[in-house]
Structures are given as C-alpha cells and as structure tokens.
Amino acid sequence: MTNAIAVAVSGGQDSLLALSLMQEQGYDVHALHAFFLPPSERLRRTAAKLEDSCRALSVPLHVTDLSEEFERLVVAPFVDDYAKGGTPNPCALCNRQMKFGLLLDAARRHGAERIATGHYARISEHPEFGKTLLCGEDRSKDQSYFLALVPRNALAHAVFPLARWCKKDVMAELAARRLPPPLPSESQEVCFIPDDDYKTFLVRRNVRLGGPGPVILPDGTPLGNHQGLWRYTLGQRRGLGIAWKYPLYVIRKDLKNNTLIVGTDQEMRRSTCRVEELNILVPPAHWPKKVHVKTRYRQHPSPATVELRGTAPTQDMKIRFEHPEFPPTPGQVAALYTEDGMVLAGGRIEE
RNA sequence: UGGGGUGUGGCCAAGCUGGUAAGGCAGCGGAUUUUGGUUCCGCCAUUCGAGGGUUCAAAUCCUUCCACCCCAG
C-alpha cells in the first residue's frame, strides 16, 4: 500500500492549502490540475503560476486538458436541462463526473489511489458500513450538498484536508506558509459561465429555448407575460417584473402551455417531492425514520420522512417534509442527512 | 353637460381637523454564495391631474378647467 495521493488543485486558496496540508502529513503528493475549458491564455497563466507554487513545495504538477469531457459531461447536460425547463446543478455534476470521476482516474494513472480536494466536507469510517460522507465542520461553509451525487466507491477514495477548517482561517494560513494562491481571492473563474450571466450564455449556445408566454395566478388571473420559461425557476421572486399587492413567487412552470404560474409565499411552498437517479451512500436499512433534507445549497436541512420505491436502477423516493418548504426544483439535488450531518443519499429532484 | 365618485413616483396606496410626501409591489445597486433561486442592506416623487386664489406655510381650504369611472329617467 502506497501513501501516494493526488491533490486536485484549481489555483484557488482552498485546494492550495489542501495540497500543503497533505504534504505536511507525509504523503507522497502529486498535484493535478485540469483545464475544464479550452485552454486560454488566462488559464495557461494560472497553470504556470500553479507550477511555481508546486515547485516551491517540491511537488510534481500534472496538467491535463479535460475541456472536451467537461463540455460533454457537464456543460451539455446543463444546457439541455434548461432547454427542457429544469434548473440544473452543474457543480454537483462536475463533482461526480469530473473531480471524482475523471480526475480520480487520472490520479490512479499517476499511481495514487486517493484524491484530495479543497472541499469543506468530511469523510469518516463508520464501524458498520465503511466510509461515509459528513458535512463540513464549518456548517456555514459546508459543501457536502454538492458532493451528494458522487458515488460511494469514489468517495471511498476521497480525502478532504479542509474538513475541519473555517474558510476565514484559510487565507491567513496560506500567508503564514508563504503560499500565495495563483488565483487571489474569490475565483469566479471556476464557473464556465462568464460574469455569472447564465441567460446570455444559454442564448449564445443557440439551443431551442421557449419564448414569451402568459403569467397567471393560481386562479387563472392573467398578470402579464414572461420572457421564456427557461429564465425562471421555482421559488424565484425577482425578475418577474409584475407589480402586485404582495411579492409574487414562481410556483409552477406549465411547460405544455408555456405558462408561468405565480403566487404568494404560502402558495409557493411544497411539502413533498420525488427524487430519482439515487446515489445511495448509506444502506437504507440504517436510515433513521426521520431524515433531514436539503434541496438547495445554503438551506438548513429540513426534517422529513422518506419512502423508497422500486429497485436498484429505477429506484426513486418520495420525500415528505414536516413543514412546507420552498419548492424543491426539478434538476436540483436533494441530499439526505442524519440529524448530525451524515449524508445518507443524494438524487435528482424530479418534481 | 342630470346626479355621484376618483385623479399622489412604473403599479397599488396612506396622507385630506393645513406645517412642508408612509408603506407595499416592481426596478436598480450592494452584501451573502462552488448552480439557479432565496434572504438581507441601500437607492428610487423638490412633488401630489392642470391653472388661479387664500395663507408665514397647502397634496391637504376656495375656485376654474381637464381626464377617467359609476348611476341615470
């Protein structure tokens, strides 16, 4: 058994500290950096800086171009989902397909059985069923939600050096270690959408997106027009452009009639949802009766009960929340937790 | 052209015993943030349909006109 480990480095602070921490712990460290977008001048510059950082640490850096795969496995499904009226979660997909898929494969090619990343989440060894995924120590920064679609056999090879770190301590620690991150503070560059403008991005992709249509209240009262259902997501408030007595939220997208149904905060809330493409991380036999579910990032897990239906490939589950929730949105991830933050399963919200 | 009502920012709407324009919605900006969304904070009428008058002072009182709405034999 070797103690070789690959560390996925993006150029940001978190992964750089992860790299340094792993090395400090005596691992035989390899740094992996991948281009998820076609290598531009800017990306090459980041890679060059990373090279400097790695040289300073005497760690070998392997750079690969995974832009074609990223396009196929993350971007294309993202665009496709929007075109179909869904609200995709590309980060969750990226973790499953890229970081704990292709990058893990790359790690193995370099002789490492494990891969470390800068995620704020924990992996622990459970006496009965092995490796489990836990939320990060710093719950406000916890990223386990985005990892809920990563298969168990991949997570078994994951290491999260920042598990017990707080975001605010990372920068100070890097400074103390004299490790300037190639990409300074926030790194919007990780995202494949320029300027956070996904609408323009989608329009430029030249896919077939729906056009304008009516906006109505649940009772059918017409209020105005929308600019294409793909531009809205369940629970959305801003951007409707309709002045009403009370704030209006998107409560339903009627794709068949190209109609947007809006209503009050109360009318918007749901207490059930159906989840497919399950990624079971803990055997259901060990699940508590009451679980806690996140259907969006930055949401406190909500108490709920779960009903598993069907078997393996086509298995799905029905979730019933104790209290009405902001509407679970098709395309987003539902992550099931125990009360103390162990991830039981993840899946794709269908309705 | 008989009677009644209304006219305040993009929308809705307080204010109308005169004292120098609430609030909500929408919008814009920012904060938060590995997705979308949510939430939070900030900014948004020198002006109250128009003109004239009374007054130290009017969206608020008087008057004329204009617009729209309702009832009407």
Side-chain angles (χ1 to χ4, degrees), chain A residues 8 10-15 18 36 70 74-75 77-79 81-100 117-121 136 138-150 160 162 167-168 170 183 185-202 215 217 223-226 228-253 260 262-265 268-270 294-300 302 325-335 346 348-349:
Chain A
S10 64
Q13 311 173 357
D14 299 334
S15 52
F36 285 168
F70 185 74
V74 178
V75 182
F78 169 85
V79 173
D81 210 356
Y82 264 116
K84 287 178 180 160
T87 305
N89 189 327
C91 293
L93 256 194
C94 178
N95 281 330
R96 176 171 68 191
Q97 306 284 32
M98 307 301 294
K99 295 173 187 162
F100 297 97
T117 66
H119 286 101
Y120 292 84
D138 179 359
R139 285 228 183 185
S140 68
K141 182 66 184 172
D142 170 44
Q143 292 172 328
S144 60
Y145 174 76
F146 287 112
L147 295 167
L149 296 186
V150 178
F160 301 128
L162 302 188
K167 179 69 181 176
K168 61 179 179 342
V170 170
L183 292 172
S185 50
E186 29 57 46
S187 54
Q188 297 292 49
E189 321 302 322
V190 292
C191 192
F192 54 92
I193 295 180
D195 306 319
D196 277 337
D197 184 357
Y198 79 96
K199 289 169 186 163
T200 299
F201 176 83
L202 286 169
V215 178
L217 287 175
L223 296 182
N225 296 294
H226 67 254
L229 291 181
W230 60 276
R231 293 173 181 273
Y232 309 88
T233 190
L234 301 193
Q236 178 174 339
R237 171 181 171 178
R238 301 190 78 174
L240 291 175
I242 296 169
W244 201 238
K245 308 177 182 84
Y246 41 77
L248 295 169
Y249 297 85
V250 172
I251 64 181
R252 201 157 69 77
K253 291 163 85 166
L260 193 67
V262 299
T264 64
D265 177 289
M268 160 189 75
R269 291 172 188 277
R270 296 288 147 69
K294 275 175 89 157
T295 56
R296 54 215 334 117
Y297 185 52
R298 271 190 303 287
Q299 168 200 41
H300 284 299
S302 304
E325 290 292 306
F326 246 72
T329 309
Q332 289 290 299
V333 170
R348 182 183 200 278
I349 296 167

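Naming: A, B, ... by sequence-line order, numbering from 1 per chain.
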Report all interatomic pairs (protein N or O, nucleotide N or O of nucleotides 8-11 of chain B) with separations under 3.5 Å.
none

Starting at [atom1] of [X] and ending at [atom2] of [N], how long is that distance when rounded to a whole Å?
| X | N | atom1 | atom2 | value |
| --- | --- | --- | --- | --- |
| A:Y246 | B:C12 | OH | C1' | 12 Å |
| A:Y249 | B:G24 | OH | P | 13 Å |
| A:I349 | B:G37 | CD1 | P | 16 Å |
| A:D142 | B:U35 | CG | P | 13 Å |
| A:H226 | B:A26 | NE2 | C1' | 18 Å |
| A:K168 | B:U32 | NZ | P | 15 Å |
| A:M268 | B:G36 | CE | C1' | 15 Å |
| A:N225 | B:A26 | CG | C1' | 16 Å |

* Structure fact -> Per the 3.5 Å Watson-Crick/G-U criterion and a run length of at least three, the stems involving RNA chain B are B:2-7 with B:66-71, B:10-12 with B:23-25, B:27-31 with B:39-43, B:49-53 with B:61-65
Is there a side-chain contact between [X] and [Y] (heavy atoms, below 4.5 Å)?
| X | Y | result |
| --- | --- | --- |
| A:T87 | A:R296 | no |
| A:L149 | A:V333 | yes |
| A:V250 | A:T233 | no |
| A:Q299 | A:F326 | no |
| A:V215 | A:Y232 | no |
| A:P88 | A:L93 | no |

With a 4.0 Å cut-off on heavy atoms, is [X] in touch with a base, just the backbone sugar-phosphate, or nothing at all?
| X | answer |
| --- | --- |
| A:G239 | sugar-phosphate |
| A:Y198 | sugar-phosphate |
| A:F146 | base |
| A:L240 | sugar-phosphate |
| A:Y297 | base |
| A:Q332 | base |
| A:Y145 | base |

* **Enclosure of A:K84 NZ (heavy-atom neighbours >12, cutoff 6.0 Å)** => no
* Asked: Looking only at side chains, do A:N89 and A:Y297 share a donor and an acceptor under 3.5 Å apart?
  -> no
Taking the [atom1] atom of each, how far is [N] from [M], in whole Å?
| N | M | atom1 | result |
| --- | --- | --- | --- |
| B:G15 | B:U47 | C1' | 14 Å |
| B:A26 | B:C43 | C1' | 14 Å |
| B:C66 | B:G29 | C1' | 39 Å |
| B:C70 | B:A57 | P | 41 Å |
| B:A21 | B:U46 | P | 12 Å |
| B:G7 | B:A59 | P | 16 Å |
| B:G9 | B:A45 | C1' | 5 Å |
| B:C12 | B:U8 | C1' | 12 Å |

* To do: Using only side-chain N and O atoms of A:R237, determine if any of them is under 4.0 Å from OP1 or OP2 of B:C25.
  => yes
* Do any side-chain nitrogens or oxygens of A:R298 fall under 4.0 Å of OP1 or OP2 in B:G36? -> no
* Could you check which of B:U35, B:G30, B:C25 has an atom nearest any side-chain atom of A:P247? => B:C25
* To do: Would you indicate which nucleotide in B:G29, B:U35, B:G37 comes nearest to any side-chain atom of A:Q236?
  => B:G37
* Do you know which of A:D14, A:L162, A:N95 makes side-chain contact (heavy atoms from CB on, under 4.5 Å) with A:H119? -> A:N95
* Does A:T87 make a side-chain donor-acceptor contact with the base of B:G37, cut-off 3.5 Å? -> no
* Asked: Looking at A:Y198 versus A:F78, is the centre-to-centre ring distance below 6.0 Å?
  -> no
* Should the pair A:R237-A:D265 be classified as a salt bridge under the 4.0 Å nitrogen-to-oxygen rule? -> no
* Starting at the 5' end of RNA chain B and moving along, which residue's nearest nucleotide shows up first, A:G241 or A:R238? -> A:G241
* **Any donor-acceptor pair under 3.5 Å from A:Y246 side chain to A:G263 backbone** => no
